[in-house]
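Quick notes on the structure that follows.
Naming: A, B, ... by sequence-line order, numbering from 1 per chain. What's counted below: heavy atoms across the whole structure, side chains too, no hydrogens, waters or symmetry copies. Because the structure is a prediction, the values reported are computed rather than measured.
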Amino acid sequence: MLEADNLACLKGDRLLFRGLALRLAAGELLRIAGPNGVGKTSLLRLVSGLALAEAGEVRWKGTAIGRDREAFHRDLLYVGHAPALNDMLTPLENLQFTIAAAGDEADAESCMQALVRIGLANQLDLPARVLSQGQRRRVGLARLFLSARRPLWVLDEPFTALDVGAVEDLAGTLSDHCTAGGMVMLTTHQDAPFAMPPKVLDVGAFAC
Amino acid sequence: MLEADNLACLKGDRLLFRGLALRLAAGELLRIAGPNGVGKTSLLRLVSGLALAEAGEVRWKGTAIGRDREAFHRDLLYVGHAPALNDMLTPLENLQFTIAAAGDEADAESCMQALVRIGLANQLDLPARVLSQGQRRRVGLARLFLSARRPLWVLDEPFTALDVGAVEDLAGTLSDHCTAGGMVMLTTHQDAPFAMPPKVLDVGAFAC
Amino acid sequence: MASGSIDQDNRMNPSPRGPSVLRFAAPQNFYPLAGRLAPWFAVTAAVLTLIGLWLAFFVAPVDATQGNVYRVIFIHVPAAWMSMFIYLVMAFWSAVGLVMNTRLSFVMSQALAPTGAMFCFVALWTGALWGRPTWGAYWVWDARLTSQLLLLFLYFGFIALTRAIEDPRRGDRAGAIIALVGAVNVPVIYFSVKWWNTLHQGASVSLTKAPSMASTMLMGMLVLAFASWAYTLAVTLWRVRPMILERERHTEWVGAVLDREGGRK
Amino acid sequence: MLSTFFAVLRRDLLLAWRGRADVMVTLAFFVIVVCLFPFGVGAEPNLLRAIAPGVLWVAALLACLLSLHRLFAQDYADGTLEQLLLSSEPAVLWVLAKILAFWLTTGLPVVVVAPGLGLLLDLEQGALPVLVLSLALGTPILALLGAVGAALTLGVRGGGMLLALLILPLFVPVLIFGAGAVEAEASGTGALAHLLLLGGGLAGALALAPIACAASLRISTE
Amino acid sequence: MLSTFFAVLRRDLLLAWRGRADVMVTLAFFVIVVCLFPFGVGAEPNLLRAIAPGVLWVAALLACLLSLHRLFAQDYADGTLEQLLLSSEPAVLWVLAKILAFWLTTGLPVVVVAPGLGLLLDLEQGALPVLVLSLALGTPILALLGAVGAALTLGVRGGGMLLALLILPLFVPVLIFGAGAVEAEASGTGALAHLLLLGGGLAGALALAPIACAASLRISTE
Amino acid sequence: MMQWESWSAFWDMGGAGFFVWGSYGVTFAVIALELVLVLQRRKETVKRLLRWRRAVGKDGSGRAGARMES
Ligand code: HEM
Ligand SMILES: Nc1ncnc2c1ncn2[C@@H]1O[C@H](COP(=O)(O)OP(=O)(O)OP(=O)(O)O)[C@@H](O)[C@H]1O
Ligand SMILES: Nc1ncnc2c1ncn2[C@@H]1O[C@H](COP(=O)(O)OP(=O)(O)OP(=O)(O)O)[C@@H](O)[C@H]1O
Ligand SMILES: [Mg+2]
Ligand SMILES: [Mg+2]
C-alpha cells in the first residue's frame, strides 16, 4: 500500500541516501535500521510528507502523496522525535488537542482512558512541564490507542526514555495494530519484544 | 567518597522519595534504577548540587557539597538530559567551550581527537543544529574522554539515541573510568554491556 | 559516468528536452549562456556610462536656478528608476518560481536583490546630497523619499531572510513569498505615504522639478539609465552563475564544469 | 470541517488564560511605552497632545510586534506545528484560528485600554472613539501581516529581530492611516476616509494573509 | 581564573558573528523604530526636532529590551547554563563576560548609528556628540540592569513580556537622564550634570548587577 | 568642454563640488565594491565546490566522507 521508489535525500552538502525503495503492505511492521546519522529520521519525514525528496516519489494506495495530501494525512499517524506537548497544558488537554488537530474526534472520556492505560493515571492534572522524560514520551504515545482507524503509523524512536514495562506494552500495541491489518514503520536502536519479527530496511545499504 | 543520607525530594506537592541513602566509593559504578517518573533525574540533580534536597544532605569527601561548592564542582562531571549544545556552533566549538566553561583546559587538537574517537569525524564542521539525534548526544558525551581527571561522573540516560556500537563503546569507557579509580553514577532503561555488573540503587524502594 | 548524481529530470523543471523556448530555463543551458552574455552587457554598460558622463559634465548646460548641483540628477534618477524596477522584476521571478516550480527563477530574484539594494542606496545618497544645497536639509519626510527608504528596508528584509535560511530550497521559497508580499505593498506604501504627507502639509518642500528639461539633459539621463540596465544585467548574470553551480553541484554537468575550471588553474 | 478551527482556537485561548500574565504583560508593555514618552520628550502638554496619536499607535504596533514571535515559536519547537501540518484539514483554517486567538489576546486588550491612555496624553475627547475604531480595524491587520512574517522567520537565527525588519515596512501604511485617522478627527477634518481605507486593508489582509501564512509554515517546517 | 571569562566572551562574540544577521538586525530595528515616529506624528520638522532626543532614546531602550530575552534564553534551553553553574570558577566572572558580549553586539552598534538618525530627525548638530556620549554611558547600564531581569524571568511563562514589565521601571531613570542630557545640550543648558549622573549609575550597576544576576541565575535553574 | 574654463573650475562645480563629487564618487565606489564582491564570490565558490568534490569523491556521493575544511 505504501510504496517508494528511487528515493534520494539531500541534506546540505551531503547526499544521505539514494535509490532507496520500500514497500509496506497491510499487516506489516517495518523497522528502519542503521547507525546514527544515516538518515532514518530524514526518511520518515520524507515518507510522511513533511519534507520533499530530492528525487523519487512516495505513493500511498497508488497515488503520489503530494497529489492528494489530505487523503494521505487522513490515513497517517506520525509521531516524531519532538513530543508535540505544550508545557503549560495537562496531558489530557494535550492529548485532546492533538486528536482534534489531526481531524479526528475523541471525547474527554476516551482520552482519559488512553492516558490511564499508558500509565499516567497520577499525572492527569499536572502541567506537562513537570513530567519526567518518560512520562512526556508516554503522553505522545497515548494517541496510538485512539488512532486504530488510521492504518499507517510512522514512529521515530518510540521506545526512547520508556522503562522496561512500557517498552513491552508498546511493542504489544504495535503488534496488535499490525495483526488488525495496520502498517507500522518505525526506527529504534533498542531491541523490542514484537510478537513477530519485523521486516528490516537498512538505510545504510543505500547510503552514498 | 560520595555519600548521601536520608535524602528526600519534594516536587510540587508530591514527595518523590525519602530516607534515601547512597554511598559511592572509588572504582564503583552505580546505576540508579526505577520506572519512569520515580525520581531518578531528580536524584541526580540533588547529588550534583543543581537542586536542593528537602531533607538530608550530600557529602563529597566528607564535606557537605553546599559547603565547598567549588571544590566539589572541580571533581564533578554532570551530563544531563539537555545536551548543552549551541545549535549554531560546530561540535568542535561546542566541546571546546564546554571544557573551558567547566574550568578545564583543552587544546583544539585533543578536542578534535575526542570527537573523532566518538564517531563524528565527518561532522566536525557542521552546525550542531543539523546533526541527527544520536550525533547530538555524542557531542555531549565526547567530554568524557577529556575529563578522566574528574573522579565523579554523573550521567542521566547517557545511552539514549545511541546506536548499538556507540552503546558498547560508551559502556567500555565507563568501565575503564571505574577501573582507573573513578566513580560513575548513571540512570538508564537499557541494558548496557558493562565490564562488571554495576551496583544498582532502586529509587522505587524509597518512593512514598 | 558519475553514478552518484541524481537523475537530471527530477531536479530540473522544466525538462531540458522541453519546448525550445524553455530550453534556456534549464540551469545547465542557462549557465554557459549567462557566461557568454555577461561580458557583452558589461562592455555596453561601460561605453554607455562614458558617453553619459561626457554628456552630463561637458554637454549639458548649467541649470538656471540650481547651478551645477543639478548634475547629480544624471545618476539620481536612473538609480531611483532601477531600484523600483528591479524590485518588480524580483517579484515577477518569485511568482514564476512559485507557480512553475522552477529553481532558476528563485535564483534570478536572489541575484537581483543586492544590485537593487545598491541602486536604492545610491538614489537615497545622491538625493540626500542634492537636498542639502537645494532644500537646506539632507532629509525631509517627503512622500517619494520616504517610500524610497521603505523600499530599501524591503530589500534588506529580503536579503536578510534569504541569507539567514541555510537550506537553499527553503530560503528560495520563503524569499519568494516575502518578495511578493513586498511587491503588493510597494504601491500601497507609495500612495499612503503620499497622502500622509499632503495631509500633514508640514514640510512645504516638494521635488522642484527642473522647469523644462534641456534635451541634452534628458539625453544624458536616458543614456545613463540604459547603462544601468546593462550593468544590472551583467552583474546579475555573473552573480547567478556561482549560485547555479552551488545548487546543482550534485549533477553531472556541474561536475564537468568544475573539472574544466579546476584544470584551468 | 471546522473542528480543527475550534480546537486550535480553544487551545490558544486556554493557553492565554493559563499564562494570564502574558496577556496582562502585553498590555503593561503598551501602557509603559506610552508612559515613557513624557519622560523622554518632556511633559509639555501641547507637545504631548500633538504627538499623542502617533505615540499611541506606535506603542500599539510595538506591543503587537513584541508578542508576534510567540505566535508560532512554541508550537514549532515542541512539534505541535508538524502535527497540525499533518492534519487532514486545510491549513488555512487553523492558521486563521491561531491569528484570531492571537488578536483576541493581544490586540483586543490594547484597543480596550487605549482611550484611557489617550486621556493621559491629553488627547481631545472627541477623538477617542476614532482612536478605538482605528485600533480595532488596524490591529487585526497587524496581526495578519505579522503572522506571515512570524511564519517565515520560524527557526531562523536572529528570528525575532529579522521578523521586525521584515514586517515593519508592511506596518507603515497601517500606522499612517491609523494615526492619521485620529489626528484628522482631532484637527476636525473627519476620519471617515482613513477608516474606510483601514477597513479595505483589513478585508484584503483577511483574504490573502492566511494563505501566505499557511504556505510559509509549510516551507518553514520542511 | 579568567579562562571562563574569556571562553564565554569569545563564544558569545563568535555566536554573534555566526549570526551576523542578528547584529545587523538589532540595528535595523533601532533605525526602523526611529523612522516610524515621523509616520505616526507627522513630518513637521519643528515637531520632530523637539521630540528627537526622546525618540532616539526610547528606540535605543526598546532595541536593547527586545534583544535582552536572548541573553540567557538559548543557554537555558539547551543546558549550557547548567554546565556554567557547575563550573568551578565564580559565576560573577562569566556573567560579566556575557553582559559585555551582549553590549558589544547590541549597544555599541546603536551608539554608532545614532548620530545619523539624529540628522534624520533634524537634531541640532551640536547635540550629536552628547547624544553619542549619553548612549555610550547609558546603554551599558541598560544591559547590566536588563541582565538581572533576564535572569529572573528565565523559563517563566510569558517571560519576554514579564521581563519588559520588570525592568522598564528601572530603565526610566536612565532614559530621563540620557534624553535629558541631549535636550539640555540642544537647548544650551549644558549636559555635564546629566552625564555625570549617568557615569555614576554605570559604576554602581557595574558593581552590583553581575552579583544579582549570578544569584538570579542560580535560582532560575533550580 | 565649452563650459569649464579650467580643471579647478570643473572640480569646484560652482561651489557644489562636495555634493556633486560626493554623489558620483560614492556611486562609483559602491559599484566597484559590488563588482569586486561578485567576482570574488565566483572564485571562492568554484574553489569551495572543487574542494567539496574532492572531499566527497568524484561521483558526487558522500561516501569518501573526508571532512571538508572550510
Ligand atoms: C534622499 C533624497 C531623495 C530620494 C530618496 C529621492 C527619490 C527619488 C525617486 C524615487 C525618484 C524617481 C521618481 C519617479 O521616477 O517617479 C526621483 C526622481 C527625481 N528626483 Fe529625487 N529623491 C531625493 C532627493 C531629490 C532632490 C534633493 C532633488 C532635487 C532638488 C530631486 C530631484 C529629482 C528629480 C528632478 C527627479 C526626476 C523626476 C521625474 O523624472 O519625474 N530628488 N527621486
Ligand atoms: N546541512 C548538512 N550538511 C551535511 N550533513 C547534514 C546536513 N544536515 C544534516 N546532515 C546529516 O544528515 C544526517 C541526518 O540524519 P538523520 O537525522 O536522518 O539520522 P538518523 O538516522 O535519524 O540518526 P539517529 O539514529 O542519530 O537519529 C546526519 O548525519 C547529519 O549529519
Ligand atoms: N509539581 C509537581 N507536582 C507533582 N508531581 C511532580 C511535580 N513536579 C514533578 N513531579 C513528578 O516528579 C517526577 C519527576 O521525576 P524525574 O524526572 O526525576 O523522573 P525519572 O525517574 O528521571 O523518570 P524518567 O525515567 O521518565 O526519566 C515525575 O513523576 C513528575 O510527575
Ligand atoms: Mg533519528
Ligand atoms: Mg529522567
Atom [atom1] of residue position [X] - does it have more than 12 heavy atoms of other residues, nucleotides or ligands inside 6.0 Å?
X: A:Asp191; atom1: CG; value: no
X: B:Arg18; atom1: CZ; value: no
X: A:Arg67; atom1: CZ; value: no

I'd like to know which of [options] tops the heavy-atom pair count under 4.5 Å against chain B.
options: A:His189, A:Lys11, A:Lys40, A:Gln190; value: A:His189
options: A:Gly165, A:Ser42, A:Ala166, A:Gly134; value: A:Gly134
options: A:Leu162, A:Val164, A:Val167; value: A:Leu162

Segment of [X] engaging chain B (4.5 angstrom heavy-atom cut-off):
X: A:Thr41; answer: neither
X: A:Leu126; answer: neither
X: A:Arg137; answer: neither

Max heavy-atom pair count under 4.5 Å with chain A, selected residue of B:Gly12, B:Ala33, B:Gly37 | B:Gly37
Do side-chain atoms of B:Asp163 reach the backbone of A:Gly34 as a donor and acceptor pair under 3.5 angstrom?
-> no
Without swapping roles, check the side chain of A:Asn36 against the backbone of B:Gln133 for a donor-acceptor pair under 3.5 Å.
-> no
Between the OG atom in B:Ser132 and the NE2 atom in A:His81, the distance rounded to the nearest 0.5 Å is 7.5 Å
OG1 on B:Thr160 to CD on A:Glu157, rounded to 0.5 Å = 9.5 Å
